[in-house]
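Just below is one structure, and these are the notes that go with it.
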Amino acid sequence: MLRVEGVGLRRDDGGRSRQILDDVFLELAPGQVAAVWGPSGSGKTTLLNLLGGLLRPDRGAIRLTVTTGPDAGLELPVHALPDRERLRYRRRHVGFVFQFLNLLPTLTVEENVLLPLELNALEDRADAALRRLDALGVGSVRHRFPDALSGGEQQRVAIARALAHAPALVLADEPTGNLDAGNAERVADCLWEQARDAGAALVVATHNERLAERADTVIRLRE
Amino acid sequence: MPAIGLLIRHQLRYLARTPAATAAQVFGTALGVASLVAVHLVSERIKAELDANAPREVTHLLRGAALDEDAYFELRARWRSGQFPDVEAMVPVVEGHAWTAGRPRRLSGMDLLADRRPGETDTNVDGGGDGDAITDLLTRDAVLAGAALGFERGDVIRLNDFEVSVVGTFGTTADGFLADIATARRILGRDGPTAVWLRTGADDPVLERWLPGSTAGFRQAGALHLGEGLVARPLAEAEPTRRFALALLFNLGALGLLALFVSTFLIYQSAHANVTRRAASDAQLAALGVSRGTLRTLFVGEGTLLGLAGAGLGVCAGWALAVVLMPAPTPSSNGVSLSAVAIAKGGIGGISVAAFGALAASRQSAKPNLRLAWAAGAAVLLLASVASDTLAASFGIVLALCLLQVAVLVPGTGTFLARLLARGQRRIAITRRAAMRSATGQLAEVHVAVGALSVAVAAAIGIGVMVESFRQDFVGMLEQRLWDGIQVETTATLPGVPASLDDLRASPGVVDVRAYARAPVTINGLSANVLLTRGDIAEARRYGYGAPFQDAILLNEAGARTLAAGPGDAVRVAGGRGARMMRVVHVFRDYGVPGPRIVAAVDHVQPILEGIAYDSFSVRTGEGRATAPLKADLEARFPTAEIRDQSEIRRRALDVFDRTFLIASQLTLIALLVAVAGLYNALSELQARRRGENRLLYTLGVGRGRIASLAMQQNALIGLAAAVLGIPLGLAIAWVLCTEVNPRAFGWSIPWTPGLANVLPPVSLGVAAALLAGLGPTWVAARTVTGAAQHEA
């Protein structure tokens, strides 16, 4: 369960202090999808960075309650975690899917997917993680390097990696932004379906209104 | 050129905004120039010491029984009438020993006006700073004292029965005196000159000024026949120790060039990194209509500017390094002085390499296949060099190997390792796997910097192996050749020798006394010298041979090379009374002797010689036996002879060797420092490229510490690859120096004896250099890594 309570963030911008986000509220249950919608520069990625523990809000609170796995019942005050704990939070409880540079180019598809498992010492889940590759239709390219994959294939591998360690929260930043309409639809289907099946809360930042409409909740940001 | 002011401002601001890269380029140039200048100044200084006993650029030495005052004046008259057009200067000299403080010291008196104008000072002479030492020598009973004697300007001493003033010092190890010929004649009680120093145009003084010691590697001038019994021998032949020291300088010069070679790569890599970093802004400028030529001109101008700054710093640093390496011989005398040639050499070298590096880098960015062209050029150079047997060709081999290392081997190894690491390695952590693959994959992209480090490591190995091989063999030769005891030698005949030596044999502590004679002969028509000995087993062992040679001869390496003869061959030896075929049974090493020389038993060669005049003998004492009383006795008996303690000769020879090569270890460190600066730029570039990957890892929960650790592992891998690749190149460089360069330059080969002690330290230093160079980029990579915001809001 993800709870965002009145989160706000100001940033220095050329010597001027600018309000990037103000009073953001969200409550998202496991398996649910929230879309963060808004034009470029409205703060979509910043909000994802706050949820992922990469940035700390000036005010408000972000809390994640883990509902499954060995950490079930653990409530994490993401906004107040010290740096080392935020790193661990990100590693253990969050999965990421980006628009570009999702995969490490020097690792094969399989190695990219196994990376979060190794980082969390969860190698025993390798079989399940690799089976997800088959489910996403990219099992046949598991020994290839990312540069040998199409954009759609890369995004599906990124989804497999984001879910490999069974995180409580998946953050996707414009996951279909560089795909054509057909591929975008298929990748979005995969993401929704896999996140729901894994019981993870999914937050998608997008400026694609059609994608946003598929979400359970939409946060609309203004420039 | 429109908007040139704006473009230059853009260029300068870019330099100011990338201070680390700018500083690395200036620092790298400065290090390269520093090594060049330091080697030059040290070589200049050593050469000045070697020349301290002779006027500038003496090439020939005339000695012999036929040389008296009448003969000299007749010779001078013929020279002035134009009979010897090759001779540029002729200086009569009186040599002998004068007693001071109960010891005989060598005194050389020369006609100071024969080679210089009155009042002109000699840069080798420390006259206390007022510059009138030469005038004092001409106008007073005065001498210059060898610095090793410890006298100072103003001291008044007695030489034989004469009181003379010390008006300056010379050399750092010299322990004799220099005076005007008139003063020396009075002190020594001689009428005519004992020698004449000659200068011909055979040696190239200009080249020698720019590359001190370099002409030692060229074919030496032949003997000058000036009249009946008057044959002037090349100085190299007359003073083999001087030639040997020059040979060391020559090798040192080659090492200095290697350091510059490494810095050339560094400057190129820095310039290339600059081109890469500016690709986007250059593309914008090109889109706005700025021509490629203008951009290139600006870039070369920038390279020249940085080269100027680097060269200035480098000249100062090189001078400081030379001062540290060659301290002043006495507190009151000058040490290394910064000459105009050194400044010009460093300045031209630094600026031109920087400008060329910038030009080559800007062209390379336009034509990525230039590397193939370099590789092809290096391959052609290698083939051409291998096919030729000239000295230049042997340096061509070294150059070609270095180029191939940088253009082919390093990037090829990167590609090979990248393929090797592309699969498997399940036991290696995935993050480490990614880092290793990234490093090996990018090895090809930064091949110039990695290649430069590799060449630096190779140079260190090559120098180490060559010097150690040289030293081992040299020490071995000295041990064999120089028995414990005293060597007595003269330029003329030793009166009463060998008959008068019988009583010496009975002296306490004396094990053996051996007299030697030298005679000119021809071998297969070539001018040579023969050393007449007993030809017994003891003599044979001095030359590394294990049997008596009463009816055969031993031939030196230079002779074997020139005559294409070896053990088992017969050569025709001709003397004043005839000729006969003689069998060569052994070829011996003869460092310092440039021409053919044979060692034979007296009885074997005597029939073809007109007479035998013994000019030296050695007194062998028991090991560890004090030789001072014996030496004093011999000095009294043979006042005009050179009397030397063999262990002193050994010590001095090794001293010359070690002092000359002291700089070698510092040079290798400089080469590695140069490589560090180059690698810093390359690793910065690598880490900048990995920024996206690092960001992704950080987002996935990999901490900054782990990212830094991975970056350092990458640096270590790159350093290890460079260092390991440097091993075969280093051994090859040493092999070429030992078996190609030295034989072609001096006629002797050095047995190539590589040892782990010469390989492991440079390899460790190479890896350490890579880690050191990577500290900055790693710190920056770890500090600046942020989250995975792909397009910030």
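Order of the sequence lines fixes the chain letters, A, B, ..., with proteins taken first and strands second; residue numbering starts at 1 for each chain.
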Original post:
Could you state the interatomic distance from CD (A:Glu118) to CD1 (B:Ile430), rounded to the nearest 0.5 Å?
Top reply: 4.0 Å
Original post:
Closest approach of A:Leu104 and B:Glu693, non-hydrogen atoms and distance?
Top reply: CD2-CB, 3.6 Å
**OP:** Step through the shown structure and confirm whether more than 12 heavy atoms of other residues, nucleotides or ligands are within 6.0 Å of CZ on A:Arg210.
**Re:** no
Subject >> Leading residue by heavy atom contact count with chain B [cutoff under 4.5 Å; candidates A:Thr106, A:Leu48, A:Val94] >> reply: A:Thr106
**OP:** Go through the steps for B:Thr431 and A:Leu107 under the test side-chain contact (heavy atoms from CB on, under 4.5 Å), then give the verdict.
**Re:** CA-CA 9 Å; B:Thr431 46; A:Leu107 295 180; over 6 Å; no
Subject >> A:Arg10 atom CZ: more than 12 heavy-atom contacts under 6.0 Å >> reply: yes
**OP:** Determine, stepwise, if the pair A:Phe98 / B:Thr699 fulfils side-chain contact (heavy atoms from CB on, under 4.5 Å).
**Re:** CA-CA 11 Å; A:Phe98 310 110; B:Thr699 307; 3.7 Å; yes
**OP:** Could you tell me whether a side-chain N or O of B:Arg437 sits under 3.5 Å from a main-chain N or O of A:Pro105, the two making a donor and an acceptor?
**Re:** no
**OP:** Report the option among A:Leu114, A:Leu115, A:Leu221 that has the most heavy-atom pairs separated by less than 4.5 Å from atoms of chain B.
**Re:** A:Leu115
Subject >> Neighbour count above 12 (heavy atom, 6.0 Å) for B:Phe416 CZ >> reply: no
Original post:
Which region of A:Glu123, side chain (C-beta onward) or backbone (N, CA, C, O), has a non-hydrogen atom less than 4.5 Å from a non-hydrogen atom of chain B, or is it both or neither?
Top reply: neither
Subject >> Spacing of B:Leu700 atom CG and A:His165 atom NE2 [to the nearest 0.5 Å] >> reply: 7.5 Å
**OP:** Please check if atom CZ in A:Arg63 has more than 12 non-hydrogen atoms from other residues, nucleotides or ligands closer than 6.0 Å.
**Re:** yes
Original post:
Relative to chain B, which segment of A:Phe145 carries a heavy atom at a distance below 4.5 Å: side chain, backbone, both, or neither?
Top reply: side chain
Subject >> A:Leu119, part contacting chain B, at a heavy-atom distance under 4.5 Å >> reply: side chain
Original post:
So do B:Leu696 and A:Phe96 actually touch side chain to side chain, heavy atoms under 4.5 Å?
Top reply: no
